[in-house]
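Counting starts at 1 for both ligands and their atoms, following the listed order.
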Amino acid sequence: MTNIIPELNNFQIEKIDLEEFLEFLNLDSEVKAFLQKACELAKKRKEFLYFAGGVVRDYFLRKNTKDFDLVLEGNLEDFLKELFKEVRGEILFKSQFLTYKVNIEGNSGKTFIIDLVTARRELYEAPATLPKVFPSSFKEDILRRDFTINTLILGLTPPYEGKLLDLLGGKRDLEKGIIRPLHLFSFVEDPTRIFRGIRYKVRFNFEWSEEFYQALNKAFEISSLEKLTGSRIYQELKLYLLKESLENLKDLLELTYDLGVFEKVGLKLKRERFLNLVKWLEVLEKELTFQEKEKVFFWGLIWNSSEGALRLGLSIKELNKFKASEEFIKSRVSFLSKMGLSEKVEFLEKVPFLPLLVLSLFYEDLKEEVLNWIKVYRKIKPKLTGEELKKMGISESPKIGKILKFLRDKHLEGKIRSEEEEKQLVEQLLEEESFLN
Ligand code: CTP
């Protein structure tokens, strides 16, 4: 692999219209005011403040960025203490990696969370472990990064105010659409970069450079991926859902599979399994919260493999709950088609929600019923509430539950529609004492 780290004093400098850049970021006026203050203070303290990473990359790609990394070459803790004498806000969180999350209180009373980072170098003591970090120069802060497209810097204060610094040919790679790691051991040190490289390839429709494959082979050779902890693999796969669009999930998983990454990290997956899962998530997309989607994704991926669950750090207790639900479903699924609607709904509601969604992947007969239930039937509820039933003279709670269920069944059967009809039905029930006893 050719060494792509050139003579660092010879880097490319380009003038940038800062106003236009800030406009592109489309910041709230209060965040802009905060940035202004931060720049003034950095100038006063003679410390270099700059944007780096995704935000600069996305500016050149003209892609919206949701968050940005603001980096200080200097003592960020002291800097923030001084800044908060002038700006209303506080440090919310400080990580072991010299990064800070701060909370800014704007004049309008709104608050904003901003990430500030110390320019730092990294020391990896062993492959696939988290690095030790040390404050350093902006150059070293660039050298610790994953891909050249993430190494561009946009200076906010002297000596590079309004300047784009391109130390490693990041702009050229951005223009050509190439994902290139900085050195051969990049993925040995941090195999999570492979997942990042997969995300960038799919998101931007870029190509991997020859160095990408060389670095990948090195990581395979040294068995670096095997050493990744379960929670780090989990977090990287979660980003497939969190940071990328669902329509890209199929490509992301296929690339991960085809590169042999699942196998290397110790996840024995089948292609049909995850393709089926992607289709199911697409169908469910609008019906689920992110947390629910996340659960269906992970449990669907490793379904009933204790080995898979252990590798991702998922709970075996939870796996056993899924297995118990499967036993319940297995014993009844063949009767589903013969059940009436209210009976079906009653059956589906006996199974916990997430196992029901995951198990639908493996029982075709269940899938369609679950979909109907999610999209239609579970949303059907009586208009009368428990409170209103009490006002109608029904006192005990089990009775109330029984009536509400009865009303819902009647709705499901299409026998009633309005609140008026519900009331009439309840009156009748009250007369037929036997129903309530
Ligand atoms: N980074 C890295 N290696 C990692 C994680 C992050 O080198 N394993 C560097 C990259 O240079 C990246 C920066 O840290 O640009 C910030 O990381 P992050 O916020 O995760 O990435 P973004 O570039 O903002 O990418 P995304 O658009 O996916 O959020």
Visitor: Would you call R62 and D58 a salt bridge, using N to O less than 4.0 angstrom?
Guide: no
Visitor: Backbone N or O of E282 within a donor-acceptor pair of the E285 side chain at under 3.5 Å?
Guide: no
Visitor: Need the ligand 1 atom indices (1-based, order shown) with element for anything under 4.0 Å from a heavy-atom of T192.
Guide: 8 (N)
Visitor: Starting from atom 27 (O) of ligand 1, find the nearest protein heavy-atom neighbour and note its residue, name and distance.
Guide: R57 NH2, 2.8 Å
Visitor: What residue among E369, E368, E349 forms salt bridge (charged side-chain N to carboxylate O under 4.0 Å, His left out) with K344?
Guide: E369
Visitor: Can you find an N/O atom of G54 closer than 3.5 Å to an N/O atom of ligand 1?
Guide: yes
Visitor: Report the residues that fulfil ring pair (Phe, Tyr, Trp, His ring centres under 6.0 Å) with Y213, sequence neighbours left out, ordered by chain and then residue number.
Guide: W208
Visitor: Go through ligand 1 atom by atom and flag the ones less than 4.0 Å from a non-hydrogen atom of R199.
Guide: 28 (O)
Visitor: Show me the donor-acceptor pairs, under 3.5 Å and distance only, between side chains in residues 257-270 and residues at least two apart or in other chains.
Guide:
unit_1, atom_1, unit_2, atom_2, d
D258, OD1, R271, NH2, 2.7
K268, NZ, E307, OE1, 3.4
K268, NZ, E307, OE2, 2.9

Visitor: Taking both backbone and side-chain atoms of E244, is any N or O found less than 3.5 Å from an N or O belonging to ligand 1?
Guide: no
Visitor: Determine whether R180 and R172 make a side-chain contact, defined as any pair of heavy atoms from C-beta on separated by less than 4.5 Å.
Guide: yes
Visitor: Would you say F147 touches ligand 1, if touching means a heavy atom closer than 4.0 Å?
Guide: no
Visitor: I'd like to know if the side chain of T256 reaches the main chain of L252, judged simply by a donor and an acceptor atom lying under 3.5 Å from each other, with no hydrogens or angles considered.
Guide: yes
Visitor: Could you tell me if R193 sits above the aromatic ring of F187, with its cationic atom closer than 6.0 Å to the ring centre and no more than 45 degrees from the axis?
Guide: no
Visitor: Identify, for atom 7 (O) of ligand 1, the protein heavy atom at the shortest distance, and state residue, atom and that distance.
Guide: D146 N, 2.7 Å
Visitor: Got the closest protein heavy atom to atom 8 (N) of ligand 1, with its distance?
Guide: D190 OD2, 2.7 Å
Visitor: Just need the protein heavy atom nearest to atom 14 (O) of ligand 1, so name the residue and atom and give the distance.
Guide: R145 NH1, 3.9 Å
Visitor: What part of R203, side chain from CB on, backbone N/CA/C/O, both or neither, has a heavy atom under 4.0 Å from ligand 1?
Guide: side chain
Visitor: Evaluate D67 for polar contact with ligand 1, using N/O atom pairs at a separation under 3.5 Å.
Guide: no
Visitor: Between the main-chain N or O of A128 and the side-chain N or O of R232, is there a donor-acceptor pair closer than 3.5 Å?
Guide: yes
Visitor: List the closest protein heavy-atom neighbour of atom 16 (C) of ligand 1: residue, atom name, distance to the nearest 0.1 Å.
Guide: D69 OD2, 3.5 Å
Visitor: Answer yes or no: is there an ion pair linking K110 with D28, defined by an N-O contact shorter than 4.0 Å?
Guide: yes
Visitor: Nearest protein heavy-atom contact for atom 22 (P) of ligand 1: which residue, which atom, what distance?
Guide: Y200 OH, 3.8 Å
Visitor: Of all the non-hydrogen atoms in the protein, which one sits nearest to atom 26 (P) of ligand 1, and at what distance?
Guide: K243 NZ, 3.5 Å
Visitor: Could you tell me the residue and atom name of the protein heavy atom closest to atom 12 (C) of ligand 1, and the distance to it rounded to 0.1 Å?
Guide: R196 NH2, 3.4 Å
